[in-house]
Amino acid sequence: MATLIIAEHDDVHLNEATAKALSAAQALGKPIDILVAGHQAKAVADAAAQLAGVRTVLLADGESLANRRAEPLADLVLSLADKYEAIVAPATSAGKNVAPRVAALLDVMQVSEITKVVAPDTFERPIYAGNAIETVQTSDKKLVLTVRIAAFPAAATGGNAAIETIAAPADAGLSRFVGAELSVSDRPELASARVIVSGGRALGSADKFQEVIAPLADQLKAAIGASRAAVDAGYAPNDWQVGQTGKVVAPELYIAVGISGAIQHLAGMKDSKVIVAINKDGDAPIFQVADYGLVDDLFTVVPALTKALAN
Amino acid sequence: MKILVPVKRVVDTNVKIRVKADGTGVDLANVKMSMNPFDEIAVEEALRLKEAGKATEVVVVSIGSDKSAETLRTGLAMGADRAVLVKTDAASVEPLAVAKLLKAVIATEQPGLVILGKQAIDDDSNQTGQMLAALLGWPQATFASKVVIGDGTVDVTREIDGGLETLQLKLPAIVTTDLRLNEPRYASLPNIMKAKKKPLDETTPEALGVDAAPRLTVLKTVEPTGRTAGVKLGSVDELVAKLKQAGVL
Ligand SMILES: Cc1cc2nc3c(=O)[nH]c(=O)nc-3n(C[C@H](O)[C@H](O)[C@H](O)COP(=O)(O)OP(=O)(O)OC[C@H]3O[C@@H](n4cnc5c(N)ncnc54)[C@H](O)[C@@H]3O)c2cc1C
């Protein structure tokens with residue numbers, strides 16, 4: 001039997017999360033198919049076919065699959081499930097939304113956000129905001145997994161898998177897509193950025209957040225992140241939140257600006273390679289995980305750092 | 001319309017947990033426990049819908065030991081009308097089993113809407129709402145930041161990776177809460193007193209006819225490899241030099 005990966009995409013681009021889930025799936029040691037479920041998503045299937053080590057790309061293309069609503073997507077995956085021993089999704093908002101729905105329909109207990117494949121039935125996953133790592137073994141006949149994307153490298157390209165077209169499911173009409181407000185940005189994506197500059201409550205306003213954080217991020221070609229407090233206060237959009245209940249990131253360089261370092265924030269960034277903290281309170285918990293710290297006022301330090309990097 | 005809100009008793013969000021040295025789990029002895037924060041948001045949302053005349057009754061449900069009754073009392077003190085405790089002394093009830101138990105409770109309660117937290121901050125699974133929706137064959141809207149009840153429908157704005165998305169679901173439906181949905185109220189002292197007299201029914205997995213046996217075996221639980229604090233630097237120039245040295249610029 002084989003493994004099926006539910007691709008992460010927006011009908012136009014294949015998201016890198018898919019290649020990371022593929023790395024995790026390879027450790028299961030079975031042939032791998034990728035499901036591209038979307039509407040007018042042929043380009044995504046073409047991209048998926050180029051990932052190394054993929055047997056077949058299944059392209060289900062139809063209006064019911066636009067926007068990846070959980071109900072039709074889960075029905076589709078369920079209709080394919082007989083042929084697969086494992087169903088794997090990246091732990092993105094779309095993956096987290098659909099995978100448990102599939103698992104319940106298969107009477108399988110999902111293993112969420114795996115960070116390591118120990119054996120084909122045994123996985124490591126963080127619990128308690130990453131303050132403990134649990135090794136779990138499943139007794140279910142099928143596997144449903146979501147994969148923490150920051151924990152796996154992206155699989156290589158260079159493959160040339162066959163693309164097989166399959167029927168899109170009928171829409172049972174339980175839900176309807178009304179609209180979306182998506183952030184448009186030229187910056188790298190938070191989940192896969194090499195450098196992230198994150199701002200906290202200390203920024204004080206949306207204007208200041210932009211004025212102080214954006215030039216440093218521009219200089220470093222970085223993605224911008226935020227603490228929950230900054231998002232709650234409206235300084236930054238929701239999809240910038242880093243943490244236990246936001247995005248989990250592991251860039252080469254993470255710069256935390258005016259962020260205290262609450263457990264829930266650390267859960268989302270403490271696996272970064274190098275962490276820099278800028279905070280005027282020398283006792284802030286963020287310094288316990290930072291490689292380099294500057295105990296100073298961010299409103300003077302950040303512009304100075306931006307300038308120093310420009311030179 | 002009746003709204004059902006499942007709530008879980010978890011380690012309080014401000015507690016720094018300790019992993020047992022022998023790898024058998026997390027030390028929960030004498031640790032402060034509270035209602036899962038996302039479930040507080042779910043209770044709050046249900047109460048606001050009732051106060052706005054969109055719902056007639058709010059029922060809180062919990063699955064756990066006797067102590068989960070305290071969590072239900074918290075929900076009642078916030079303003080819920082009734083509570084149901086599915087009593088079990090099992091060390092772990094996994095999301096799939098919780099979803100099956102909730103489905104059984106829903107068969108008698110017949111709510112028009114179920115609002116759950118998107119994840120519990122202990123196991124961080126983020127599964128129960130989606131699983132419950134699947135078992136019931138109901139539509140789902142996870143990670144909600146806005147809930148608007150319409151005529152036989154609910155419009156839910158969801159926090160997704162790229163921003164926000166709005167879905168319209170036919171009722172009955174499942175909604176799971178995200179942080180920005182609302183700010184939960186504190187229970188006032190008079191309401192805490194009143195809550196003691198509100199009805200709290202008990203049932204069991206056996207009575208509901210649900211096999212709640214776990215599917216996963218936890219082989220071990222360890223502390224993550226920690227980071228050690230680095231150095232505090234005196235100037236921006238020193239920082240730039242260090243970052244160059246580390247090869248991350
Ligand atoms: C259920 C739940 C889930 C949560 N999930 C998340 C999550 O996913 N992500 C997350 O981030 N949080 C999360 N939180 C919130 C978390 O507990 C903290 O409240 C939050 O991270 C604090 O944000 P902050 O560090 O920006 O603000 P604060 O804690 O207020 O810190 C601000 C910092 O700025 C410093 N400062 C102030 N002025 C200046 C200045 N001029 N120059 C330099 N430094 C300055 C202060 O010294 C302070 O350390 C969650 C909480 C709960 C209950």
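Remember, it's a predicted structure, so these values are computed and weren't measured experimentally.
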Cationic tip of A/Lys116 above A/Phe123 ring, under 6.0 Å, 45° of axis: no
Counting only non-hydrogen atoms closer than 4.5 Å, does B/Thr13 touch chain A with its backbone (N, CA, C, O), its side chain (CB onward), both, or neither? both
Of the options B/Asp39, B/Thr71, B/Asp123, which is the one that meets B/Lys8 in a side-chain hydrogen bond (donor to acceptor under 3.5 Å, both in side chains)? B/Asp123
Scored by heavy-atom pairs under 4.5 Å with chain B, the best of A/Asn97, A/Val289, A/Val184, A/Leu305 is A/Asn97
Checking heavy atoms, do the side chain of B/Arg18, its backbone, both or neither come under 4.5 Å from chain A? neither
Toward chain A, the part of B/Thr217 with a non-hydrogen atom under 4.5 Å: both
I need the residue from A/Glu252, A/Lys307, A/Gln288 with the largest number of non-hydrogen atom pairs under 4.5 Å to chain B. A/Gln288
So B/Trp138 and B/Leu169, do their side chains get closer than 4.5 Å, heavy atoms only? no
Structural part of B/Val19 lying under 4.5 Å from a heavy atom of chain A: side chain
Going by residue number, which parts of residues 240-249 of chain B are within reach of chain A, meaning a heavy-atom gap below 4.5 Å? B/Val240, B/Lys242, B/Leu243, B/Ala246, B/Val248, B/Leu249
Heavy-atom pairs under 4.5 Å with chain B: which of A/Val136, A/Asp291, A/Asn238 has the most? A/Asn238
What part of B/Val11 gets within 4.5 angstrom of chain A, counting heavy atoms only: side chain, backbone, both, or neither? side chain
Relative to chain A, which segment of B/Ile17 carries a heavy atom at a distance below 4.5 Å: side chain, backbone, both, or neither? side chain
Do you know which of A/Val295, A/Leu174, A/Leu309 has the most heavy-atom pairs with chain B at a distance under 4.5 angstrom? A/Leu174
Select one option (side chain, backbone, both, neither) describing which atoms of B/Val98 are under 4.5 Å from chain A's heavy atoms. neither
Is B/Ile121 close to chain A through its backbone or its side chain, or both, or neither, when contacts mean heavy atoms under 4.5 Å? both
Do A/Lys96 and A/Glu113 meet the salt-bridge criterion of a basic N to acidic O distance under 4.0 Å? yes
Quick one: what part of B/Glu159 sits under 4.5 Å from any heavy atom of chain A, side chain, backbone, both or neither? both
